[in-house]
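Worksheet: the structure to be examined is printed underneath.
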Amino acid sequence: PNAVDGILNQYEIPNTEILYVYFDEPINTGYWRSVGNSQNAFTVESFMDELSHAANKDPLEFRLALLEKNANARGVLQVAAEKSGWGKSPKEGQALGMAYHYCFGTHVAQVAEVSVNEKSGEIRVHRVVSAVDCGLNVNPAIIAAQIRGAITMGLSAALKEEVKFAKGGVRSANFYDYPILKMKEAPKTEVHMVKGKAELGGIGEPGLPPVAPAVANAVFRATGLRIRKLPMTPERLKSATTLKGQTKFS
């Protein structure tokens, strides 16, 4: 049942149908930080970005138009956009991507500042700006720490982590063949707290779901390549294609 966590998103789309196919796989995937919200936020927010591109609309304005009745969601999106410099020219060779998600009673919007090495296919995340509305801020330091930790964990999974299988079993044995994000690869993070909600929301997990789609959407703005599968390794980016079916790598 956790497979559909977060799929009932906040966008005001009048006609919605949600289906999922139960697959009794032999490997127990178990619980992960944010549970089903992780993959569903990546799916929904990546597609929202694709829709905004198809509609020739700015990704922020496209989302805001579908959240007219949701002041809390609009609030975090607008703060994240303002604090990240959305709409301004980014640094040379870099691009911005955004994503929004609501789970565990908390609204989070994130903007990732990304560059892509078009020779190696390596994605570098320089900065992640996060706006969070979890209601009353009982301890702002804990809120900031939880969001920063979730960003780091989410980025590690989005860019590197992948359990591999071979010969009928797990091939990944330890950290020498299961890479994780290193300290030198961690981006600068900003956490901005928005006091919009009246009721209290959770803070341990909501910071993770938006980061992967924010990065993927920034990669598209930088390269024109859509990534629809995680992790976003250089090999996977090299196999990605533009909307015209072309790749930018030899």
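Since this is a predicted model, take the numbers as computed values, not measurements.
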| message | Quick check on the hydrophobic clustering: are Phe104 and Ile143 connected, directly or via other members, by side-chain heavy-atom contacts under 4.5 Å? | response | no
| Taking atom SG of Cys103 and atom CG of Leu8, what is their separation to the nearest 0.5 Å? | 13.0 Å
| message | Around atom NZ of Lys83, are there more than 12 heavy atoms from other residues, nucleotides or ligands closer than 6.0 Å? | response | no
| task | Please check if Val108 and Val138 belong to a single hydrophobic cluster, counting links between Ile, Leu, Val, Met, Phe, Trp and Tyr side chain heavy atoms closer than 4.5 Å. | result | no
| Okay, side chain of Glu45, backbone of Tyr100: is any donor-acceptor separation there less than 3.5 Å? | yes
| Closest approach of Ala157 to Pro231 (non-hydrogen atoms, all atoms of both residues) | O-CB, 3.5 Å
| message | More than 12 heavy atoms of other residues, nucleotides or ligands under 6.0 Å from CG of Asn139: yes or no? | response | yes
| message | Quick check on the hydrophobic clustering: are Val79 and Leu67 connected, directly or via other members, by side-chain heavy-atom contacts under 4.5 Å? | response | yes
| query | With a cut-off of 6.0 Å (strictly less than), are more than 12 heavy atoms of other residues, nucleotides or ligands near CZ of Phe175? | reply | no
| request: Spell out, yes or no, whether Val194 and Leu136 are grouped together once hydrophobic residues are joined by side-chain heavy atoms under 4.5 Å, including indirect joins. | output: no
| message | Testing the basics here: between Ala109 and Ala80, what is the closest heavy-atom pair and its distance to 0.1 Å? | response | O-CB, 3.9 Å
| task | Start with the C-alpha distance between Thr233 and Lys238, add both sets of side-chain angles, then the distance that settles side-chain contact (heavy atoms from CB on, under 4.5 Å), and finish with yes or no. | result | CA-CA 9 Å; Thr233 60; Lys238 289 180 180 181; over 6 Å; no
| said: Any carboxylate oxygen within less than 4.0 angstrom of a Lys/Arg side-chain nitrogen, looking at Lys69 and Glu12? | reply: no
| said: Is there a side-chain contact between Phe62 and Asp58 in this structure, where contact means two heavy atoms from C-beta onward sitting under 4.5 Å apart? | reply: no
| request: Measure across Gln146 and Ile203 and return the closest heavy-atom pair with its distance rounded to 0.1 Å. | output: CB-O, 3.5 Å
| task | Under the side-chain contact (heavy atoms from CB on, under 4.5 Å) rule, what do Leu200 and Thr106 come out as? Steps first, then yes or no, please. | result | CA-CA 8 Å; Leu200 288 170; Thr106 294; over 6 Å; no
| request: Kindly compute the distance separating CG (Leu159) from CD (Glu122), expressed to the nearest 0.5 Å. | output: 9.5 Å
| task | Could you tell me whether a side-chain N or O of Lys160 sits under 3.5 Å from a main-chain N or O of Leu155, the two making a donor and an acceptor? | result | no
| task | Answer yes or no: is there a side-chain heavy-atom contact under 4.5 Å between Val116 and Leu237? | result | yes
| said: For a 4.5 angstrom cut-off between non-hydrogen side-chain atoms, does Glu113 reach Val128? | reply: no
| message | Quick one, His107 and Asn70 - any side-chain contact, counting heavy atoms below 4.5 Å? | response | yes
| message | Nearest 0.5 angstrom please: Tyr11 OH to Leu51 CG, how far? | response | 10.0 Å
| Worked check of side-chain contact (heavy atoms from CB on, under 4.5 Å) between Met48 and Arg63 | CA-CA 8 Å; Met48 288 298 293; Arg63 286 173 171 82; 3.8 Å; yes
| remark: Interatomic distance, NE2@His126 vs CG@Leu96, rounded to 0.5 Å, equals 11.0 Å
| field | Sub-6.0 Å ring centroid separation between Phe220 and His53 | value | yes
| query | Does the Asn217 side chain pair with the main chain of Val219, one donor and one acceptor, at a distance under 3.5 Å? | reply | no
| remark: Correct closest heavy-atom pair for Ala240 and Ile227 would be CB-CG1, 4.5 Å
| Test: Glu162 and Arg236 ion pair at under 4.0 Å | yes
| Trp86 side, atom CH2; Gln78 side, atom CD - distance, nearest 0.5 Å | 13.5 Å
| message | Does any part of the side chain of Arg127, heavy atoms only, come nearer than 4.5 Å to the side chain of Thr189, both counted from C-beta? | response | no
| task | Verify side-chain contact (heavy atoms from CB on, under 4.5 Å) between Leu208 and Met153, making sure each step is shown before the conclusion. | result | CA-CA 7 Å; Leu208 187 146; Met153 184 176 180; 4.0 Å; yes
| Is a side-chain donor-acceptor pair under 3.5 Å present for Tyr178 with Glu161? | yes
| request: Give a yes or no answer on whether the side chain of Asp133 reaches the backbone of Lys197 with a donor-acceptor pair at less than 3.5 Å. | output: yes
| request: List the atom of Ser84, the atom of Ala81, and the distance in Å for their closest heavy-atom pair. | output: OG-O, 3.1 Å
| task | Let me see the working for Arg226 and Asp49 under salt bridge (Lys or Arg N to Asp or Glu O under 4.0 Å), right down to the final yes or no. | result | CA-CA 10 Å; Arg226 282 290 181 195; Asp49 207 68; 3.2 Å; yes
| query | Going by distance alone, is a donor N or O of one side chain under 3.5 Å from an acceptor N or O of the other, for Gln94 and Ser115? | reply | no
| message | Under a 3.5 Å distance rule, please check whether Arg74 uses its side chain to pair with a backbone N or O of Leu64 as donor and acceptor. | response | yes
| task | With the side chain counted from C-beta on, respond yes when Lys88 and Pro90 share a heavy-atom pair under 4.5 Å apart, and no when they do not. | result | no
| task | Taking Ser46 for its side chain and Phe42 for its backbone only, find out whether a donor-acceptor pair lies under 3.5 Å. | result | yes
| query | Under 3.5 Å, side chain of Glu185 to main-chain N/O of Lys182, donor-acceptor pair present? | reply | yes
| N/O donor-acceptor pair under 3.5 Å between Asn9 side chain and Gly6 backbone | no
| message | With heavy-atom distances below 4.5 Å as the criterion, would you say the side chains of Val129 and His192 are in contact? | response | yes
| note | Between Ile151 and Ser130 the two heavy atoms that sit nearest each other are CD1-CB, 4.2 Å
| query | Do Asn137 and Lys195 come within less than 4.5 Å of each other through their side chains, counting heavy atoms only? | reply | yes
| field | Any donor-acceptor pair under 3.5 Å from Ser156 side chain to Thr152 backbone | value | no
| task | Is it possible for you to say whether Tyr176 and Val163 belong to one hydrophobic cluster, with membership spreading through side-chain heavy-atom contacts below 4.5 Å? | result | no
| task | Working to the nearest 0.5 Å, report the span between NE2 of His101 and CG of Asn40. | result | 7.0 Å
| field | Short side-chain to backbone donor-acceptor contact, Arg33 and Gly204, under 3.5 Å | value | yes
